[in-house]
Structures are given as structure tokens and as C-alpha cells.
Amino acid sequence: MLWRAGLVLLLCWGSTGERRHQPRDSPEREDRTSKLQADSVSTRQQRSPPPVEPLDFGFVPSGVYDTHAYYEPGAIGVLFHMVHAFLYVVQPNPFPKDLIVKVIQQNMGGIKLEDYRKDLSNNVVSVLLQTIYYEAGFLVCVSLGCVFLVLTPVVGLCFCVCRCCDNCGGEMHQRQGKNPDCQRGFYTAALITTSIFITTGVLIAHAANHNITSQIKSTRRFISTNMRDLKTFANNTPGQIDHLTAQYTTAKNKVLSDLDNIGPLLGGRIQTQLEKEVVPSLDTALRMAGALRESKEALESVSSSLDVLHEGTSRLALRLTYERTSLSNTLSDPACTNGAVSRTCNNIRITLPQLGINSNFSGLPDVSPQLASLEIVLKTDLSNILQKGYSSFNDTPRLVQQQTKNVVAGVKAMLDKIGVEIIGFSKMFPVEASLANFTIFLSQGQKNMEAYYPQIDQLDFYRWIGCVAVLCSVVLVLTFNFLGLLCGTCGYDKQATPTTRGCLSNTGGNLLMAGVGFSFIFAWVLMGMVSAGFVVGGNIEKLFCEPLANRQLFKIIDTPYMVHPAKKNFLPGMLFQNPNINLTVGSMYRDCYDNNGLYHALQLETMFNINTFLKTTVFNKDLVKVFDSVSIDLQGIVLLEQDGRDNLLTFSNAGIGDINYAAYLAEVNKGVTLVDLLSFSNELEAQADLLPRGALENALKGHASSIRQIHREQVVPMEQAMSTLSQSIRLLQRTAKELPVKVTNVLSAIDEAEYLITHNASRVVKQERDVYMQSLVGYFRQYTDWVKNSLTGEVSQCKPISNLIDSMEIIACSFIVDSVNTFWFGLGGCCVFLVPSIILSVKLAKYYRRMDTEDVFEE
């Protein structure tokens, strides 16, 4: 009754909660929820949402149960196994589940009255035959016990009367037989063996008797620990429920944190989706701004290089003219008229026209107009304008944060209201008060049981004394047997005749006959006790303990429609008055044995689905409407101002493409002079070395040195200026190539990006809003799933219920039934061996008692 009262407390809470909160599942809510789920599916198809951060709800506070419903009998367990084996031999038939169910249905109305009346005679006969078949072993053994019970006093009476008439061994005369010593020894050994077996039976029965007494303390321990576990179960349940409701705050705080950061989270996602179109267009425009600066720098370089080349060309022309004239004068020296020398001078004279200018930079067009146009363009900082575009686009999270301020405030208020509603719901039912009353009930019940402990001890003492008295009757017979054997064996004299036997030997024979007399007196009484214990204890073991151990008994209780044709299941019909719930004792026991929660073990979700309540409370229609009403306007984002657009158009029309790049490249690809001055000077020195040593040779070498100096001081700087001019011209040529088309494409890309932001951003906003909402919903889904899992396995863990059933099995079967069965088993063995003990004692007494007459043989 204790466990039943404990179960009903939470059941009442669950059923009441269902009735009060069932209207929340309105059709409108279900439609809204379906719409939310459909939107979620569509969003996942478009873009997989980011994984939801796992939340830590902590551990549900749980108590430690002290009961260990396990019993190891120790050495006496061998005797228990012997009794079980004996009962299996007597009753090897399987558990008669169908027979018992049929009997119960007939007695409790599980069968329709018309069917029962129609098959009344057949049912009675069938049940009787099945019962006889199942109880055949017990009936045979009980029949033998009854025969023993009836015949023992009758045979004893007849034996006494017969001996009084000097028959049946009553005549005090011993006839001489063959091998009397051998017969006496056989009877002695057989009686000793029989007495040992009887002694063993007494010890077995005494061990069982003592085991019952010793297990009384264990019974108290089981009662104490089970009561303590039930109190722990009752005391922990309110705290566990409070922990479940309090952890809503964990999910709510995480949602509030995400709402406070809606700008970086939602705005960041929107920006990430839009930047695929926006950022590349801005980057292209920014590269055009860089190209504009590079073009200006290149034009400045062209202009400066042309100035350098114009000036250098003039000075180089003068130097080369002077050097050519001077060298010509040197070659006019009379020394050049000699034969061999004149040929060398003529060779040098022929090369003099090579000392001249090869490039003409004065004919190249001026780039000042283009440079002036770019300077006007650069007065507007295009890079700064583009950076404003970047900043405007990167300001999307702030815009989202600002525009959703009112929505966030409304959602926070609704979350607070939901939290208050959940906590208020948990406090609506007097769970704590009911469990407190249950704890008081347990404490009072334990006190009442403890008040009976002295009486139980006293009754157990009387029981122990009674069992010891029964065993003493057998011990009395054993005492006569062993004393008779001792006196007879010690006082036996082979030389003495039957009529001259000593007093000690005669006493031994009398003691044996006294044992025979007491055997006849007690044997039938003992057999009656054994038969009664065998019938009761054996059937309890076979019909209750064994099926309870292998849970076959639960299958009987869980048989559908057992108690009534209209009531399917017994347990939910008894607890909830709803027999159609698919709840069985076996399933409840298994769940409690696995230490699952009472909510799952009793399938309370069929009466009150807490998960549905939480979903309908957390995911209510108002919350969905608030999220659906989120509207974000991104029209304030300007990627490129009008000044920037004008700047790009002016750049494309700056005339860079009108420059005659072919003329420039043709000039810069020429050499500065007609001949390489270094090569010319080296050749001049070589020609001078062919001349005889003298003033002419020295003069020519001086001219070679002057030419090298001209190359070093004037030609090399001009070549560097030409190289710079070539690079700048080529850069401008690359920039000017399709410049208007590029600018047009950049402006078109920016226009498309701005159009996307202005007109098509609503689709992106809706998509990312749904993804963001799903992430928030994911936190609540984690909470509801955690609540469901906690209710299944951690809240109100019902291990004490299975422990209570197991403890009842241990106390009833292992402590009491096994001990009682072992007691009658040992006592029954004593009764069986008393029969040969009687026969052997009578036979052996003839060899020890003093006879009145004896056979005399004359030689």
C-alpha cells in the first residue's frame, strides 16, 4: 500500500495538469506551428542553418538510495537448492499461467456471464482436470504422507498388542541362528547409519529454524532502507521539478544574449549574404581609384621624362658635335699622311659620322592636357567616397540592431512572461505538500511497524521454541538410539548366553525399544506437520516465489481483460481509472529496475504530456507573430555617391586613350646615339694602338676617354629617363585600353548591388531572419528535449518501487518460504528414516536384552 500511495501523488498532479492546460492546443496554434515548421523546412532547403550552440542545463539533483535488494544466503543456500531440486522433481510442470488466469476470470467476472453459464460444467471439469494434472506430484506425496500418518499409529498399536501377547518379538526367548555376530554387526551399522541420516535431518531443520530468526534483523534492515528510500524519493522530487522549471532561465538567458546581439548575429548574416554582390563591385571601383592615381603618376613621369630627354638631347648633340670636330682636326695631323698610318687614320675618319643623336623627342605629343584633366578628377577623393560605401555597408549590423529595438524589447517581455507562466504552473499543484504528507505517512507507518517489532520478536521466539520442541522429539529418539547402541555395544559379552547377559547390555536393548516406542508416538505427528508444510510451502514456492522470481506472475496481472471484459489493463484501471492505457506491471517494474523516472515508468505522458505543454507554452503564436513582423529597411545604404560616379566618368573621358602610344614606344625603343659610345671608344683605342708611339697616338686615346665620359655623364641618364618613360607609357597604354567599358561595368555592378540592397534585400532578410529564429528556437528545443529526457530517466527515479518489490520477494520467499520448506524437508527426512530405525532397533534389541529362555543343544 505504501508504494501505491506514493505513485498516486504524482499521477493526480499529471492528470490535473492535463485538464487545466489542454485548451492550449488550439487549432490556430497547430496551424501556426505547422506554418513555422514549413518555413523551417524551406529555409533549410535554401541554406543550412548554423549549428545551435549546446546549452549546459546542469545535473538534476538526485538522491542516493540505500536499499540493495539482493540476498546471498551463504552456506544454507545449498540446502535451499536441494529443496528447490526436490520440488522440481515433485512438480516439473511449467507455471500454469493460463489455468490461473482462467480461474481468476471466472471468479472476478473476466468472462462474460452468458459464456460462463453456457460452459459452466465444461469449465469446472476442465479446470479440475488441469489442477489435478498440475498438482499430481504434490497429490502423490501427500497421499503417501497420509498413508504414513494413518498407518504409523495403527501399526504401533498393533505392534504393542502383539508384543504384549508374546508375539512380534515380545517373547523373551532368543533362538540360536547362523552367524549371530554378523547379523548383530549388520544391524548395528545400519542403525548407526540411519541415526546419522536422522541427525542430518534434525540439523537441516534446526539450521532452517535458526535462519528464520537470524533474518528477522535483515527484514528490519530492508524495511528501514526501503522506507528511507521512499522518503528520499518523495523529498527529492519537488527539488527536481524546481530544477527543471528553473533551467528555462538558461535557455531564456541564451536567447536574450542572442537578442542583445541581434545586430552582429542577424545583421552579420544579412551582410554576409549581400557582400557576395556588394563587396566585389566596391573592390572593383576601389581598383579603378587606384588606377586613376597610377595614371596621374604615370603622366607626371612621362612629362618629367620628356623634359629630361629634351634637355639632355640638346646638350648631348653639342658635345658630340664638338668631339667629332676635334677628332677630325686630330686626324688632319701631317703624321696621318705616312703610308701605314694614313690607312688607320682613314678608317677612323670614316666612322666620324656615327657620333650623332639617334632619338628625336621633340616631335612627341605633349601630355599636359591629360595630366590637367586627371588633376581635376583627383580633386575629388574617390577612395574616400568608396570607403564611405564600405562603411555604409558594414553598418548593416547597427541598422539591424536599431531597427529591431522594439521587437527585441517585445520578445524579452514575452520570454519573461513565459518563464513566469512555467514557474507558476509548477507551483499550481500541491506537489510539495502532497509529498510532504506522503513522507509523514511513511514515517508514521514505519513507527507503527517498529511498534510491532517486540511482538514479532516474541512470536518468533515462541515459533523457535515450538520448532525446537518438535526437533527435540526426534532428538529424544536419537538419544535412545545412540545410548542403546553405546550401552549394548559396551555391555555385550560374547561368552554370555542370552539369559545371562549383563545389566549394561540389557539396558542398551531396553533403550532401543524405548526409542521404538517414542518413534511410534511422534512419527505420525511429525509426518502430519511435514505434510501440511509440504503442501503449503511447496505450492507457495511453485505458484508464487518461482513465478515472482522469473516475472511470470506479472504476466498474469498484465493479462488483458482479466478482471472484466471491458477493462483491458489492470494497473492503469486501478491507478487512473483508465484501463485502456498500455501500462503493465511488468513494464513499470522494468523501468523502475533500470532506475528510470516515474513519469516514464507510469507512462504519465498519456495523461499529461509535459513536452507538449512546454512546446505550446514556449512556441506560442504571439512569439511567432513577433518574429514574423521583423522588418529591416536597408535603403539607407549608399555604396557610391554621385560625386564618385562623376569622378569615374570624368576619368574615363580624360583623354588618356588619345595619346599616341606608338610614337612614344617607337622613340623609346631607339638608342640615344647612332652608335654605342663605349664600343666606339674601345674601337678608337684599338686603332690608336696600331699607330707608332707619339703625339698622334696619345691624342686619339684622349678622344676615346672623352667619348667614354660623354657616355657616362649624358647618355646613361638619358637611357634611365627613356626606361622610365617606357614604363609609364606602357602603364598608361594598359590603363587606357577599354577604360570607358571598364568604368561602365563598375558603375553597372554598383547599381546592381544597390538595387539588390534596395529592392531584393527583403528576401535575404526573411531568409536570414528565419535562420536566426531557428537558432533561437533551437535553444528552447534543447530545453524541451532535456526536460523530456530528464523526466524519462532522472526526475523521480523509481528504483525504490522495484526495490520494494524485490525486498518483498526476498523477505517472503528467501527468508520465510525457503526456510520453512527447508525445515519440513529436514523433518520429513527424519520421519522417513524413523521407519528403518524402528525395524533395526527391534532387531538389534534381541541381541542386547536379557532373555528369559534360550535354546539348549546337547552334544
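These figures come from a predicted structure and were not determined experimentally.
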Verify whether one side chain among [X] and [Y] offers a donor that lies under 3.5 Å from an acceptor in the other.
{"X": "Gln797", "Y": "Tyr65", "answer": "no"}
{"X": "Thr67", "Y": "Arg228", "answer": "no"}
{"X": "Ser218", "Y": "Gln215", "answer": "yes"}
{"X": "Tyr589", "Y": "Asp806", "answer": "yes"}

Contact summary for [X] and [Y], nearest pair of heavy atoms:
{"X": "Ile810", "Y": "Tyr70", "result": "CD1-N, 3.7 Å"}
{"X": "Val477", "Y": "Ser519", "result": "CG1-OG, 3.1 Å"}
{"X": "Ala845", "Y": "Gly509", "result": "CB-O, 3.7 Å"}

- Task: Name all residues meeting the salt bridge (charged side-chain N to carboxylate O under 4.0 Å, His left out) criterion together with Glu809; count only those two or more places apart in sequence or in a different chain, and write none if there are none.
- Result: Arg551

- salt bridge (charged side-chain N to carboxylate O under 4.0 Å, His left out) filter on Arg184, not counting sequence neighbours, yields none

Min side-chain heavy-atom separation [X]-[Y] under 4.5 Å:
{"X": "Leu79", "Y": "Val83", "answer": "no"}
{"X": "Leu485", "Y": "Tyr187", "answer": "no"}
{"X": "Ser807", "Y": "Ile223", "answer": "no"}
{"X": "Asp229", "Y": "Lys799", "answer": "no"}

- Task: Using a cut-off of 6.0 Å, state whether more than 12 heavy atoms not belonging to Tyr453 lie near its atom OH.
- Result: yes

- Item | Heavy atoms from other residues, nucleotides or ligands near NE2 of His210 exceed 12 (cutoff 6.0 Å) | no

Residues 828-843 side chain polar contacts: donor-acceptor under 3.5 Å, at least two apart:
unit_1, atom_1, unit_2, atom_2, d
Ser837, OG, Asn481, ND2, 3.0
Ser841, OG, Ser837, O, 2.7

- Message: Suppose we call two aromatic rings close when their centres sit under 6.0 Å apart. Are Phe534 and Phe138 close by that rule?
- Response: yes

- Message: I'd like to know whether the aromatic ring centres of Phe815 and Tyr71 sit less than 6.0 Å apart in this structure.
- Response: yes

- Item | Geometric class of the Trp464/Phe461 ring pair [parallel <30°, tilted 30-60°, perpendicular >60°] | parallel

- Would Asp457 and Arg220 pass as an ion pair if we require N to O under 4.0 Å? yes

- Task: Sort out for me which residue in Asn596, Thr237, Asn236 forms a side chain to side chain donor-acceptor pair (under 3.5 Å) with Ser796.
- Result: Thr237

